[in-house]
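In what follows, residues are counted from 1 in the order of the sequence shown. First listed ligand is number 1; within each ligand, the first listed atom is number 1. Note that the coordinates shown come from a computational prediction; the quantities given were computed from them, not determined experimentally.
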Amino acid sequence: MKELNMMIEKNYKKIVMKFGGTSMGDIEKISKVADHIQRERDNGVQTAVVVSAMAGETDRLINLVNEANVVSNKAEKDAIISTGEQVSSALLSLILNSRGIRAESVQGWQIPLETSNMHGSARIKNINPQKLQGLLNNNIIPIIAGFQGVSEENKITTLGRGGSDTTAVAIACALNADLCDIYTDVDGVFTSDPRIITQAQKIDKISFEEMLEMASQGAKVLQTRSVELAMSYNMPIRVRSTFIENNFEKNDKSHNIGTLVTNEENIVEDKVVSGIAYSRGEAKITIQNLEDKPGVAAQIFGDLADQGVNVDMIVQNISADGRHTDLTFTVQETDLDSSIEIIEGLGDKIKYSKCIQSKDIAKVSVIGVGMRSHAGVAAQMFATLAEKGINIQAITTSEIKVSVLIELQYIELAMRALHSVYGLDIKH
Ligand code: ADP
Ligand code: ASP
Ligand code: MG
């Protein structure tokens, strides 16, 4: 492990550095960010920087839109909520320039970073690297506003919460960088959220695949889409802290910096389970006595997808009478009301007796590539939850993860018990 980190430290010539909201939290913290950029520059590394809005700013802007409570116009909402990054990128550029380091803030549309027109969760379609490479060639550090892009209709779009991670990885791919460094408020990727599980351990190296499962099951340290992109372009990501001193001053490269997210072949794995992820904001919908015939599921999930609702778990019971069944699925709690509206809007297209909704549900997942070759992981998970008296409401599995839906009030208890039973707790 140490050798690999050293290799990366030695060989990289061009990197993308991304700083999250907490790292950009106030002027003092932005100065710390400037120190990191200065260090890389002094080491002769070509650097493009991507920033998030200052901590809390995107939430504030979203609340403003909600307060206005007008007819929803997703394009105008994006025009508002993307401004946080415009401010933080220009602030950082100012601070760097005041130190004599040439830098220039760059907005998504100026690159341009072209996206689909799905406002609020736009997908990146193309990045023209010319402008950014031009700045780099002139020794000017581009400070790119994360989270935002521009659609074919020439409107500002946003990439979904946590989207600056995706901006950073996409820019790293477009610039053919050696590495994408994600600076955040924790020291790396941990076996579980270190803010909840004090016994969580930092993972030195994790495969793209496992990280993808961790992120998509709720570990918000990286946005899921950023890991997908990194995996398809084989772009290594390193998650590291803005605040924990890593002996930079001494230029000591022999320590393990953060977590490297990389190809599976670079990893020697001895654990069956490598992490526990959770997601709180889940909601469950059950459609009872639904007519059991071809096309019903296609109708329901087709309409939900068309409206941009992401459905996660789906459970359908075997029909007792061959004609009716119960269909249960989960969505994000924020999508619950619109999902119910969509189902009710189907009118006569589907026939059922009752549609039941429940909130205050959470999902806990155990993840590990080792599961491919080890049986019994799921059984151990269910037994552990049973021992704690926690009822399982739904289950889904993939080759490398098992997820269960439980009552929200048990989430921390479940995480702690699972973290310990799979041997992930720090050894004292
Ligand atoms: P940023 O503002 O830098 O983008 P985020 O808040 O989006 O930071 O992501 C970092 C947070 O992710 C951490 O503060 C931590 O609470 C949370 N987190 C959840 N799961 C994990 C995990 N497995 N490892 C590390 N952090 C995690
Ligand atoms: N500022 C955006 C958010 O809060 C994007 C990001 O932080 O990555 O979701
Ligand atoms: Mg984030």
- Check the pair R161, D59 against salt bridge (charged side-chain N to carboxylate O under 4.0 Å, His left out), reporting the backbone distance first and the verdict last. CA-CA 10 Å; R161 297 309 304 268; D59 286 337; 3.0 Å; yes

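Of all the atoms in ligand 1, the ones that sit under 4.0 Å from a non-hydrogen atom of T184 are 1 (P), 3 (O), 8 (O), 10 (C). Distances below 4.0 Å separate heavy atoms of R161 from the following atoms of ligand 2: 3 (C), 4 (O), 9 (O). Contact atoms of ligand 2 toward S52: 6 (C), 7 (O), 8 (O) (distance under 4.0 Å to a heavy atom of the residue). Near P194, the atoms of ligand 1 lying under 4.0 angstrom from a non-hydrogen atom of the residue are 24 (N), 25 (C), 26 (N), 27 (C). Interface atoms of ligand 1 facing K18, defined by a heavy-atom separation under 4.0 Å, are 4 (O). Each of the atoms 3 (C), 5 (C), 6 (C), 8 (O), 9 (O) of ligand 2 lies under 4.0 Å from some heavy atom of G162. Residue M214 approaches ligand 1 through these ligand atoms, each under 4.0 Å from one of its heavy atoms: 23 (N).
K29 has no carboxylate O lying under 4.0 Å from a charged side-chain N of D35, or vice versa, which leaves the two without a salt bridge. Salt-bridge check for D185 with R195: passed, with a basic side-chain N closer than 4.0 Å to an acidic carboxylate O. Using a 4.0 Å cut-off between charged side-chain N and carboxylate O, E399 and R372 make a salt bridge. Taking 4.0 Å as the cut-off between side-chain N and carboxylate O, D181 and R238 count as a salt-bridged pair.
Of the protein's heavy atoms, D185 OD1, 3.5 Å lies nearest to atom 13 (C) of ligand 1. Looking at atom 23 (N) of ligand 1, its nearest protein heavy atom turns out to be F190 O, 3.0 Å. Looking only at protein heavy atoms, the nearest one to atom 2 (O) of ligand 1 is G21 N, 3.1 Å. Taking atom 16 (O) of ligand 1 as the reference point, the nearest protein heavy-atom neighbour is D193 OD1, 2.8 Å. For atom 25 (C) of ligand 1, the nearest protein heavy atom (residue, atom name, distance) is G188 O, 3.3 Å.
R280 meets the salt bridge (Lys or Arg N to Asp or Glu O under 4.0 Å) test with E412; sequence neighbours excluded.
The aromatic rings of Y183 and H36 lie tilted to each other, with the angle between the two planes from 30° to 60°.
Any N or O atom pair closer than 3.5 Å counts here, and E85 shares at least one such pair with ligand 2. Of the N or O atoms in T58, one or more lie within a sub-3.5 Å distance of an N or O in ligand 2. Of the N or O atoms in R195, one or more lie within a sub-3.5 Å distance of an N or O in ligand 1.
The local environment of CD in E28 is sparse, with at most 12 non-hydrogen atoms from other residues, nucleotides or ligands closer than 6.0 Å.
Screening K18, Q223, R225 for a side-chain hydrogen bond (donor to acceptor under 3.5 Å, both in side chains) with D165, the sole residue that qualifies is K18.
V33 is listed as a side-chain neighbour of L92, based on a closest heavy-atom distance under 4.5 Å. At a threshold of 4.5 Å between non-hydrogen side-chain atoms, the residues R102 and I141 do not count as touching. Residues D187 and R240 fail the side-chain proximity criterion, which asks for heavy atoms closer than 4.5 Å.
Heavy atoms from both the backbone and the side chain of K220 come within less than 4.0 Å of ligand 1. Looking at Q201 against ligand 1, nothing comes within 4.0 Å, counting heavy atoms.
The closest approach between S52 and ligand 1 stays at or above 4.0 Å for every heavy atom of the residue. Using 4.0 Å as the threshold, G21 has no heavy atom nearer than that to any atom of ligand 2. In this structure, E57 has no heavy atom closer than 4.0 Å to ligand 2. Proximity of G163 to ligand 2 is established by a heavy-atom distance of less than 4.0 Å. In this structure, K202 falls outside the shell of residues with a heavy atom less than 4.0 angstrom from ligand 1. Within the 4.0 Å heavy-atom shell around ligand 1 one does not find G275.
Summarising the geometry, atom CG belonging to D312 is positioned 13.5 Å from atom NZ belonging to K284; distances are rounded to the nearest 0.5 Å.
Judged purely by atom type and a 3.5 angstrom limit, K14 uses its side chain to pair as donor or acceptor with the backbone of L175.
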